[in-house]
Amino acid sequence: MKEAQVDASPDPAGSRDKSRDQGYYPRMQTAVEALLILKGIISPADVEREVEKMAGRDYRSGARMVARAWQDPGYRLRLLADGAAAARELGMDVGQLRLIVLENTAQVHHVIVCTLCSCYPRALLGIPPGWYKSREYRSRVVREPRAILSEFGTQLPESVQIRVHDSIADQRYMVLPLRPEGTEALDEGALASLVTRDSLIGVGLARLPE
Amino acid sequence: MNEAGRRGHDIGGKDAGCCERDEHELQAWERRADALGEVIWGKAALIKVDELRRLREDLGPNAYDDLGYYERWMHSLAQGLIEHGVFTVEELARAMSGLEALPAQPAGAQGPARLDALFGPGTAVRVIAADAPGHIRTPWYCRGKRGTIVELCGFFPNPEELAYAREGAPLQPLYRVAFSAAQLWPDTPANDKDQLEIDIYQHWLERTS
């Protein structure tokens, strides 16, 4: 039984095909929600609303902020000074988020991880991808970031310094990636489409225009 | 620093395999668990995020690695809410197992000092087929099995509540219950007369007709 689990492909986000009762935790989810509703602590709409809210959050909000910063030097400064305020400026609801934006340059490339759990700017970018929460990423990126980046298809020259940020407190990080060459003529919408989620975490770069 | 002091979740710098680009879509229950967490520590402010982290870390390295992300998540939410007295292990066990909630027993000074004993010697009972996290003194092997009350042993504080530093009030009737070994262990040859007697608290028992 143990060996079968070892052979199974890793799936750290929680839906591994295992021999144990697959229904145990889903049942626990249903029961906890039902008890809280029964006791009048939450309403059925509360959870639904939160599901919707989270479904509406994804990296494209971060991409919009990056594209604006590439176009507007004033916004870039405000973004670097206070990421959450800069998100609110674009009409995004980020709750109590405290966001530090790290700017990549030709000399410095930033990468974000939380080695102790899964801290991520959820209030802006939504639920983190499975690999961000995985043992492999959390263990290795602090020690061998260049190897992890190359597994994501990202090669950086040795002349570039990598700064890995272990985000373990009640503040969150996002990377402001380097603007790709040859994008001077693009408008903000076209620029935003070059910004990938991975580039906001630092395991990737912004895409080159077609 | 001696690695023996390192906790299982604290993995930065350890060796690990290739970083697979897991981008799978969450299952519906995982999205709901995610949202439930947000409601519980956000709007409802029932619990602090660091309490939930502590509960997941206390799983220890083996369970921490074995469970999926939202499995650990649900574990911490359920345990945290029990710790806070939002619901009891008994309530969660019944809700998880599709059993109706028992009539509310007012706790503390207002409530009865002890519950009435419902079963006399010779009563045919069944152990409820329920499961839940938490501290449960009803062994797995007898869950859902039929037995007979031998005697009422007395009234004891509920260990499921004592485990969370509460008083365990009202006192629970405790019975010695006899089970036929053949029923408990159908795959093991046994003398038909052999039986096992187990101490079981009343809230784990129901009368069989």
Side-chain angles (χ1 to χ4, degrees), chain A residues 5 9-16 18 20-21 24-36 38-39 41-42 46-55 95-96 113 115-118 122 127 129-143 147-148 151-152 166 170 203, chain B residues 7 9-40 42-44 46 49-50 53 56-57 65-75 77-78 81 86-87 91-98 101 131-133:
Chain A
Q5 290 176 9
S9 63
D11 177 2
S15 52
R16 287 177 284 192
K18 295 242 184 106
R20 78 161 169 276
D21 174 10
Y24 181 71
Y25 289 94
R27 272 197 289 126
M28 197 183 294
Q29 193 285 320
T30 307
V32 169
E33 184 178 331
L35 283 173
L36 294 177
L38 185 74
K39 290 170 181 287
I41 296 169
I42 67 173
D46 286 336
V47 181
E48 207 51 59
R49 208 164 24 235
E50 202 56 50
V51 169
E52 296 287 313
K53 201 162 151 188
M54 206 38 107
Q96 302 299 305
V113 63
T115 63
L116 296 181
C117 52
S118 58
R122 292 164 49 92
I127 296 173
W131 58 261
Y132 184 83
K133 303 177 275 196
S134 72
R135 161 166 287 271
E136 289 76 19
Y137 183 70
R138 289 164 51 195
S139 297
R140 291 179 53 222
V141 75
V142 286
R143 181 153 64 95
I148 289 282
E151 285 165 28
F152 280 82
D166 195 353
D170 280 340
V203 294
Chain B
R7 305 206 63 201
H9 66 282
D10 188 357
I11 55 180
K14 290 196 133 186
D15 292 331
C18 182
C19 187
E20 302 284 341
R21 298 200 58 181
D22 169 23
E23 303 273 1
H24 89 288
E25 274 293 304
L26 297 185
Q27 297 178 20
W29 82 267
E30 293 174 312
R31 290 195 180 281
R32 226 161 162 87
D34 188 277
L36 185 60
E38 289 279 352
V39 172
I40 286 170
K43 179 167 181 275
L46 291 174
V49 171
D50 282 289
R53 291 184 181 131
R56 294 193 286 265
E57 291 162 9
D65 287 334
D66 187 48
L67 295 180
Y69 184 79
Y70 284 103
E71 293 177 335
R72 296 197 297 261
W73 184 282
M74 271 324 301
H75 163 85
L77 289 177
L81 292 169
V86 174
F87 48 69
E91 286 175 309
L92 182 58
R94 296 188 76 89
M96 281 183 66
S97 310
D131 54 13

Backbone N or O of B/C19 within a donor-acceptor pair of the A/E151 side chain at under 3.5 Å?
yes
Does A/S134 use its side chain to pair, donor to acceptor, with the backbone of A/G130 at less than 3.5 Å?
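Pair absent, no side-chain N/O of A/S134 close to backbone of A/G130.
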I need the residue from A/A55, A/A34, A/S118, A/G95 with the largest number of non-hydrogen atom pairs under 4.5 Å to chain B.
A/S118
Answer key: most heavy-atom pairs under 4.5 Å with chain B among A/I127, A/V113, A/T30 is A/I127
Heavy-atom side-chain contact between A/L36 and B/L81 under 4.5 Å:
yes
Taking the side chain as every heavy atom from C-beta outward, state whether B/Y70 and A/P26 have any pair of such atoms under 4.5 Å apart.
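In short, these two side chains do not touch, never coming nearer than 4.5 Å.
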Do other residues, nucleotides or ligands put more than 12 heavy atoms under 6.0 Å from the CD atom of A/Q96?
no
Do B/E38 and A/R122 meet the salt-bridge criterion of a basic N to acidic O distance under 4.0 Å?
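Looking at B/E38 together with A/R122, the answer is yes, because their closest N to O distance falls below 4.0 Å.
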What part of [X] gets closer than 4.5 Å to chain B, counting heavy atoms only: side chain, backbone, both or neither?
{"X": "A/Y132", "answer": "neither"}
{"X": "A/I42", "answer": "side chain"}
{"X": "A/D166", "answer": "neither"}
{"X": "A/M54", "answer": "side chain"}
{"X": "A/V142", "answer": "side chain"}

Given that the side chain runs from C-beta out, which part of [X] has a heavy atom under 4.5 Å from chain A: side chain, backbone, both or neither?
{"X": "B/A33", "answer": "both"}
{"X": "B/K14", "answer": "both"}
{"X": "B/R53", "answer": "side chain"}
{"X": "B/A28", "answer": "neither"}
{"X": "B/L77", "answer": "neither"}

Taking every non-hydrogen pair under 4.5 Å, which of B/E23, B/R7, B/R21, B/R31 racks up the most with chain A?
B/R21
Mind ranking B/A44, B/G98, B/P133 by heavy-atom pairs under 4.5 Å with chain A and telling me who comes out on top?
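The candidate making the most pairs under 4.5 Å is B/P133.
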Answer yes if the side chains of B/E20 and A/W131 hold a donor-acceptor pair under 3.5 Å, and no otherwise.
no
Under the rule for side-chain contact (heavy atoms from CB on, under 4.5 Å), what residues qualify as partners of A/R143, not counting sequence neighbours?
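A/R143 satisfies side-chain contact (heavy atoms from CB on, under 4.5 Å) with B/D15 once adjacent residues are dropped.
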Quick check on side chain to side chain contact (heavy atoms under 4.5 Å, CB included): which of B/E30, B/E71, B/R72 does A/Y25 satisfy it with?
B/E71
